[in-house]
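See below for the structure under consideration.
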Amino acid sequence: MQIATWNVNSLKVRLPQVIDWLQTSNCDILALQELKQDNDNFPLKELNELGFHCAFNGQKTYNGVALISKHPIHNITMDIPNYTDVQKRVISATINDIRIICAYVVNGESVGSDKYSYKLEWLNQFHNYIETTLEKNEKLVVLGDFNIAPNDIDVYDPLAFAEQILCSTPERMAWNNFITLGLHDSFRLFNQEPRQYSWWDYRNFAFKRKLGVRIDHILISEEVRQLALKCEIDITPRRNERPSDHTPVVITLK
DNA sequence: ATGGTTGTGCGACAA
């Protein structure tokens, strides 16, 4: 059983790549972020015809998240309950007895900006939502674009990124608060190497120059950790024509 | 590099 996360930066543009990747990877559950389209435009018919179940929470132009699954999707929850947020960033559901939370965390633009304040408040609300969910679901996977590089090893130039967006102490504290809940950074359970990135800026040939950041993550509860066989970043889609700036991260469970 | 590129949607804004 494979579960993956991928920020596609426009599902409209990336749909052929998503379908191609679903078929070549043989992934069971794919969590998408940054659909950048409203629900009326979600390619439901096309994905259904290929045998996938879908749940989606989109909006025009920005944000938007979805779950695409070979298995039926149950108990779908949109957004963070009891937190008023017009931006569509979260969708949760149960698939094969595993509770899945797919998130597109606020980017935050730059430290000290209004968007940064929103990011920190959003992360606090998200933490509370995960905590509540964990009380009711032993098998939990929280995955998506976290827009946080947890440690200096996750950044190509730690000095340049020090206390900047994606790497600031308050953001990393928010990440550590997820870990304190008992969740594991599944990628680092299996790989301690540097230069393991999930996002590369479109500008300055960042991908070719291997200047990336690891900001897309799969957090797993202890009960899921017992099932985990591996977690890998698949950089092949980043080599596509007209790629997303992010690439998929995939966990394999027993 | 206070630049650079991509996406939405057609001018800015977001990332």
Side-chain angles (χ1 to χ4, degrees), chain A residues 5-21 30-43 46 56-66 68 79 85-91 102-123 126 143-150 154-168 170-172 174-175 197-217 233 235-249:
Chain A
T5 178
W6 191 7
N7 178 325
V8 289
N9 185 22
S10 167
L11 183 56
K12 181 183 168 188
V13 173
R14 239 61 74 183
L15 182 62
Q17 296 180 43
V18 169
I19 289 171
D20 180 64
W21 190 81
L30 175 58
L32 299 178
Q33 302 87 39
E34 279 208 272
L35 308 183
K36 293 188 170 182
Q37 61 180 12
D38 58 31
N39 290 335
D40 291 342
N41 289 313
F42 188 89
E46 196 161 357
F56 42 95
N57 187 18
Q59 67 182 102
K60 190 173 150 71
T61 312
Y62 301 119
N63 310 309
V65 286
I68 302 174
D79 310 310
D85 183 4
V86 296
Q87 303 194 8
K88 301 301 185 184
R89 297 182 171 277
V90 179
I91 189 166
C102 165
Y104 173 47
V105 175
V106 177
N107 171 282
E109 191 190 30
S110 58
V111 174
S113 66
D114 288 349
K115 287 172 190 161
Y116 182 72
S117 304
Y118 167 47
K119 181 177 195 173
L120 296 183
E121 170 60 15
W122 196 96
L123 284 164
F126 190 48
L143 76 176
D145 176 0
F146 282 71
N147 272 312
I148 301 173
D154 302 309
V155 181
Y156 70 89
D157 187 346
L159 212 56
F161 275 80
E163 294 305 332
Q164 302 300 305
I165 200 68
L166 311 180
C167 296
S168 72
E171 290 167 89
R172 286 181 169 172
W175 172 266
Y197 308 131
S198 67
W199 172 79
W200 299 260
D201 201 300
Y202 282 125
R203 297 166 289 192
N204 304 319
F205 303 99
F207 181 63
K208 184 184 267 191
R209 296 164 65 203
K210 303 183 192 296
L211 305 181
V213 182
R214 192 175 71 93
I215 54 175
D216 300 272
H217 306 295
I233 298 170
I235 68 162
T236 57
R238 191 62 178 80
R239 299 194 180 105
N240 290 347
E241 294 269 338
R242 265 191 112 179
S244 169
D245 45 354
H246 298 249
T247 209
V249 183

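Computation of the quantities below employed the complete heavy-atom set of this structure, encompassing side-chain atoms and omitting hydrogens, waters and symmetry-equivalent molecules. The chains referred to below are lettered A, B, ... by the order of the sequence lines, with proteins before strands, and numbering in each begins at 1.
- Counting only distance, with no hydrogens or angles, the side chain of Gln17(A) and the backbone of Glu241(A) share a donor-acceptor pair below 3.5 Å.
- Under the 4.0 Å criterion applied to side-chain N and carboxylate O atoms, Lys88(A) and Asp79(A) are assigned as salt-bridge partners.
- The aromatic rings of Trp199(A) and His246(A) are tilted relative to each other, their planes meeting at an angle between 30° and 60°.
- Atoms CG (Asn240(A)) and P (dT6(B)) sit 14 Å apart, rounded to a whole Å.
- Nearest to the side-chain atoms of Ser10(A) among the listed nucleotides dA15(B), dG9(B), dT8(B) stands dT8(B).
- Separating the P atom of dA12(B) from that of dA1(B) is a span of 29 Å, rounded to the nearest Å.
- Out of dT8(B), dA15(B), dA14(B), the shortest distance to the side chain of Glu34(A) is found at dA15(B).
- Looking at the side chain of Asn204(A), the nearest of the listed nucleotides dA15(B), dG4(B), dG9(B) is dG4(B).
- Of the possible donor and acceptor atoms, none in the side chain of His217(A) sits under 3.5 Å from a partner among the backbone N and O of Thr5(A).
- Between the CH2 atom of Trp199(A) and the P atom of dT5(B) there is a distance of 14 Å, given to the nearest Å.
- Here dA15(B) presents its C1' atom at 12 Å from CZ of Arg14(A), a figure rounded to the nearest Å.
- Atom OH in Tyr62(A) sits about 8 Å away from atom P in dA15(B), given to the nearest Å.
- Counting only heavy atoms from C-beta on, Tyr104(A) has its side chain closest to dA15(B) among dA14(B), dA15(B), dT6(B).
- Distance, Asp201(A) CG to dT6(B) P: 10 Å, rounded to whole Å.
- Distance, Leu211(A) CG to dT5(B) C1': 15 Å, rounded to whole Å.
- The 5' end of DNA chain B is approached more closely, in terms of each residue's nearest nucleotide, by Arg203(A) than by the other of Arg203(A) and Leu35(A).
- Under 4.0 angstrom from either OP1 or OP2 of dT6(B) there lies no side-chain N or O belonging to Ser244(A).
- With Phe207(A) as the aromatic partner, Arg238(A) meets the cation-pi criteria of under 6.0 angstrom to the ring centre and within 45 degrees of the ring axis.
- Straight-line distance from the CG atom of Asn7(A) to the P atom of dG7(B): 12 Å, rounded to whole Å.
- Relative to the side chain of Lys12(A), the nucleotides dA15(B), dT8(B), dT5(B) differ in distance, and dT8(B) lies closest.
- Comparing dG11(B) with dT6(B), their C1' atoms are spaced 16 Å from each other, to the whole Å.
- Between the C1' atom of dA15(B) and the OH atom of Tyr118(A) lies a distance of 14 Å, rounded to the nearest Å.
- Closest to the side chain of Asn9(A), out of dA14(B), dG9(B), dG7(B), is dG7(B).
- In this structure, Lys60(A) and Asn63(A) both approach DNA chain B, and ranking their closest nucleotides by distance from the 5' end singles out Lys60(A).
- Taking atom C1' on both dA14(B) and dG9(B), the two are 13 Å apart, rounded to the nearest angstrom.
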